[in-house]
There are 2 protein chains.
Amino acid sequence: MSPLKAKSNHVTIVDVATTSGFSPSTVSIVLNEAPLSRYVAAKTKERIRKAAKDLGYRPDAFARSLRNRRSHTVGVLIFDISDPFCTLILQGIERCLDSTAYLPIIMDAHNEKKQFEGYLEMLMERRVEGLIVVANWLFEEGGLLLNLRRNNLPTVVVGRDLSTDLISSVVVDNVAGGYTAMEHLYSLGHRKIAVIRGPEKLGDSNLRWQGIQQFAAEHNYQLDPRRVRLLPEALDPTSGFEGGVAATEDLLRSAADFTALLAFDDLTALGAIRALILSGRSVPGDCSVIGFDDVPPAAFCTPGLTTIRQPMEEMGRIATGWVLRAVQGPDTEDAILPPMQILSPQLLIRESTSRV
Amino acid sequence: MSPLKAKSNHVTIVDVATTSGFSPSTVSIVLNEAPLSRYVAAKTKERIRKAAKDLGYRPDAFARSLRNRRSHTVGVLIFDISDPFCTLILQGIERCLDSTAYLPIIMDAHNEKKQFEGYLEMLMERRVEGLIVVANWLFEEGGLLLNLRRNNLPTVVVGRDLSTDLISSVVVDNVAGGYTAMEHLYSLGHRKIAVIRGPEKLGDSNLRWQGIQQFAAEHNYQLDPRRVRLLPEALDPTSGFEGGVAATEDLLRSAADFTALLAFDDLTALGAIRALILSGRSVPGDCSVIGFDDVPPAAFCTPGLTTIRQPMEEMGRIATGWVLRAVQGPDTEDAILPPMQILSPQLLIRESTSRV
DNA sequence: TTGTAAGCGTTATCAT
DNA sequence: ATGATAACGCTTACAA
């Protein structure tokens with residue numbers, strides 16, 4: 001016989017009722033430990049529980065939800081599960097949900113807008129009570145927002161500021177991050193700093209650049225345009241690596257030399273390191289490199305990558321906390337729910353940066 | 001007003017029926033494009049569809065599944081979503097499911113047996129039609145199996161051989177992988193090869209070691225025990241990194257020198273490289289290093305890690321294909337479903353290995 | 001302290 | 001070519 005085969009023959013609450021000799025309602029009340037179960041005789045409870053266990057009774061989530069109008073689920077829409085950035089946020093969401101009766105329904109849009117919409121529809125059909133959207137670096141603002149608005153459902157976007165009157169968001173302070181990265185390099189004595197900016201269309205990209213410029217302005221440091229490159233638009237989140245390699249090679253070919261490189265994100269930084277090493281330079285000996293995010297590979301490489309850490313797990317937790325509050329509290333003080341939270345990034349010094 | 005707030009007021013099939021002027025049954029038939037819809041007048045269809053669209057009707061998945069006894073979902077039980085090994089398999093599963101009407105319900109056990117069992121129960125309550133278990137490196141055989149047996153549900157385990165009469169599995173050929181890794185190093189001229197084995201309790205670990213020994217025996221190569229280390233048992237899948245660092249440092253302290261190192265997996269290899277570099281050695285100049293798995297960080301580090309690649313996405317696809325077949329085909333030729341499939345690993349040469 | 005009955009939104013079966 | 005009705009398994013008023 002093949003190992004794969006099944007014939008479902010489920011035990012229902014009626015079976016438990018007849019076996020135990022009580023009515024379905026009593027069984028329901030006992031098994032759910034509903035308020036009314038306080039008035040049920042201890043012996044009755046015992047017999048019911050025994051019958052349920054013996055029969056291997058498992059309540060049908062569909063029937064239950066259909067009846068009481070609660071799905072006890074929150075939808076989690078992500079854009080690419082292979083993106084470590086997503087993964088860590090997911091962990092935060094799951095950890096936060098673990099202690100509740102809520103279940104995440106995770107859907108991965110595979111970086112395709114079409115899928116995003118389809119999955120959103122599926123989540124609605126499954127009557128999720130709240131929605132968390134993990135926006136990765138190619139979530140283009142605007143378009144998808146419209147579809148979200150129609151379903152008035154507690155919604156939190158994490159990783160991108162898309163707050164509206166109906167949607168909350170939790171993001172990292174990209175401006176502060178850019179500022180801090182620049183500050184770190186500058187304070188190590190670097191005065192010839194190359195910058196690889198993120199794709200122009202990307203919101204994060206410009207905010208980080210803003211922070212970089214701000215630091216420069218405050219310290220009378222001239223950002224030489226010859227030392228600045230722009231990552232091309234791209235779909236694949238790991239394309240930052242190749243982008244980093246290419247941008248750095250281009251930088252190396254140019255006339256302007258540099259002793260430090262500030263990359264848009266970790267993958268870009270890792271690509272930069274690859275190019276630097278291949279060109280015969282050492283990191284951080286000949287050139288310091290700093291990234292942004294603190295995705296796992298940043299810690300596993302040698303030298304370990306100095307980076308601006310986003311508290312991704314915490315972001316997931318916060319987002320989850322919000323939707324839970326919106327979902328559980330009936331309509332209590334809505335005002336306590338902030339439309340947007342900006343978390344501080346943190347400088348994480350490893351081995352890829354050093355004094356000039 | 002706070003952005004988080006909702007008041008669900010769902011449109012039902014009855015609403016569509018009254019608005020369009022037809023009965024719920026006809027609406028159902030039309031909207032589902034059921035066989036009977038062949039006999040429904042074109043104009044009727046049109047009016048019904050228009051009404052549904054205008055009202056924003058969305059069928060209730062709970063009611064539907066309750067009625068027709070099909071959840072159209074498959075449960076996916078993973079052990080750690082932050083483990084890149086898991087992630088890639090998940091991608092395969094999702095991609096394979098995308099083209100079907102099935103939805104994955106993903107649950108992450110966070111490396112805890114307790115959670116595993118709880119989530120398994122939840123999946124059963126949600127009436128998943130099939131189950132895929134992604135076993136990562138700490139899925140201890142035996143224990144959890146028992147719970148799986150009771151629910152006779154098409155089940156496939158990927159990443160660990162747990163085949164029984166009720167469970168299929170898809171795994172990589174670990175013996176061949178170990179053999180190939182050894183062969184690669186040997187063919188580059190290495191004769192002083194250090195080996196960091198995986199935790200003893202881990203099935204994979206011993207199979208890979210078997211392959212290594214087999215190659216050695218066939219080529220009259222002596223595996224010097226002084227050049228062999230064992231990774232400690234551990235919970236965290238990323239602990240391989242620290243384990244690799246520690247084992248390598250220990251190896252370096254010992255009398256026996258080596259020109260190549262074969263690591264249990266990629267993270268271990270990355271840890272080994274870290275230790276090697278810190279000790280002043282270069283990779284692959286002074287020591288070649290080979291890993292196993294081909295997780296993303298292996299490609300982003302410099303030097304890129306030579307490794308034995310597991311076709312993880314394909315494994316996910318195959319597993320999914322099996323449960324789909326078991327689920328969709330009523331009870332057609334069960335015999336075509338193999339109880340276990342062993343995929344060949346592939347040597348992926350990057351820059352961390354070179355001729356001695 | 002427990003039972004009865006209605007109904008959640010759908011779809012399958014049977015009528016018309 | 002379309003409609004009426006029952007039933008999926010559960011919870012919750014309300015009744016006893």
Side-chain angles (χ1 to χ4, degrees), chain A residues 8-49 51-52 55-72 101 122 124-129, chain B residues 8-49 51-52 55-73 101 122 124-127 129:
Chain A
S8 63
N9 191 18
H10 289 132
V11 177
T12 77
I13 203 172
V14 179
D15 298 325
V16 179
T18 53
T19 312
S20 65
F22 294 93
S23 76
S25 21
T26 308
V27 174
S28 173
I29 287 163
V30 170
L31 262 23
N32 290 313
E33 307 192 43
L36 278 139
S37 70
R38 291 181 56 79
Y39 308 117
V40 175
K43 207 177 284 179
T44 304
K45 288 187 188 171
E46 201 183 318
R47 268 164 51 198
I48 288 178
R49 283 202 252 265
L55 294 175
Y57 170 66
R58 245 192 300 251
D60 183 317
F62 293 119
R64 200 212 283 280
S65 291
L66 176 58
R67 174 62 230 232
N68 66 11
R69 323 271 16 195
R70 308 219 64 179
S71 68
H72 274 281
M122 282 183 158
M124 298 303 297
E125 290 181 1
R126 294 194 132 73
R127 302 296 187 251
V128 294
E129 297 180 34
Chain B
S8 62
N9 191 18
H10 288 135
V11 177
T12 77
I13 203 172
V14 179
D15 298 325
V16 179
T18 54
T19 314
S20 65
F22 293 94
S23 74
S25 354
T26 308
V27 174
S28 173
I29 287 163
V30 170
L31 262 26
N32 291 312
E33 308 192 42
L36 279 143
S37 69
R38 291 181 57 79
Y39 307 118
V40 175
K43 208 177 282 180
T44 304
K45 288 186 187 171
E46 202 183 317
R47 268 161 54 194
I48 288 178
R49 284 201 252 265
L55 295 175
Y57 169 64
R58 242 189 304 247
D60 184 316
F62 293 118
R64 201 211 282 279
S65 292
L66 175 59
R67 176 60 234 227
N68 67 11
R69 320 288 319 151
R70 307 219 64 178
S71 68
H72 275 283
T73 57
M122 282 184 158
M124 298 303 298
E125 290 181 1
R126 274 172 206 275
R127 302 296 188 252
E129 297 179 32

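- Formation of a donor-acceptor pair under 3.5 Å by the B:Glu129 side chain with backbone atoms of B:His72 is found in this model.
- Of the two residues contacting DNA chain D, namely B:Arg127 and B:Ile29, the nearest-nucleotide position lying further toward the 5' end is that of B:Ile29.
- Over its length, the helix from C:dT1-D:dA16 to C:dT16-D:dA1 turns its helix axis by 40°, as judged from the five terminal pairs at each end, rounded to 10°.
- Judged by distance alone, with hydrogens and angles left aside, the side-chain atoms of A:Ser20 form no donor-acceptor pair with the main-chain N or O of A:Ala51 at under 3.5 Å.
- Closest-nucleotide positions on DNA chain D for A:Leu66 and B:Gly21 were compared, and the one nearer the 5' end corresponds to B:Gly21.
- Residue-level contact check: B:Phe62 touches neither bases nor backbone, having no heavy atom under 4.0 Å from any strand.
- When the options B:Val30, B:Ile29, B:Thr19 are evaluated for a side chain to side chain contact (heavy atoms under 4.5 Å, CB included) with B:Ile48, the one that passes is B:Val30.
- Counting 5' to 3', DNA chain D first comes under 4.0 angstrom of a heavy atom of chain A and last does so at the ends given by D:dG9 to D:dT12.
- Annotation: proximity of residues 34-45 of chain A to DNA chain C (heavy atom, distance under 4.0 Å) is found for A:Tyr39, A:Val40, A:Ala41, A:Thr44, numbered in ascending order.
- The backbone N or O of A:Val11 lies less than 3.5 Å from no partner atom in the side chain of A:Asp15, so there is not a single donor-acceptor pair.
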Table please: side-chain donor-acceptor pairs of residues 35-45 of chain A below 3.5 Å, with sequence neighbours left out.
unit_1, atom_1, unit_2, atom_2, d
A:Ser37, OG, A:Ala34, O, 2.6
A:Lys45, NZ, A:Ser37, O, 3.1

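- The side chain to side chain contact (heavy atoms under 4.5 Å, CB included) search around B:Arg47 returns B:Phe22, not counting sequence neighbours.
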Check nucleotides 4-7 of chain C for protein N or O atoms closer than 3.5 Å to its own N or O atoms and list the pairs.
unit_1, atom_1, unit_2, atom_2, d
C:dT4, O4, A:Ser25, OG, 2.7
C:dG7, N2, A:Arg67, NH1, 3.0

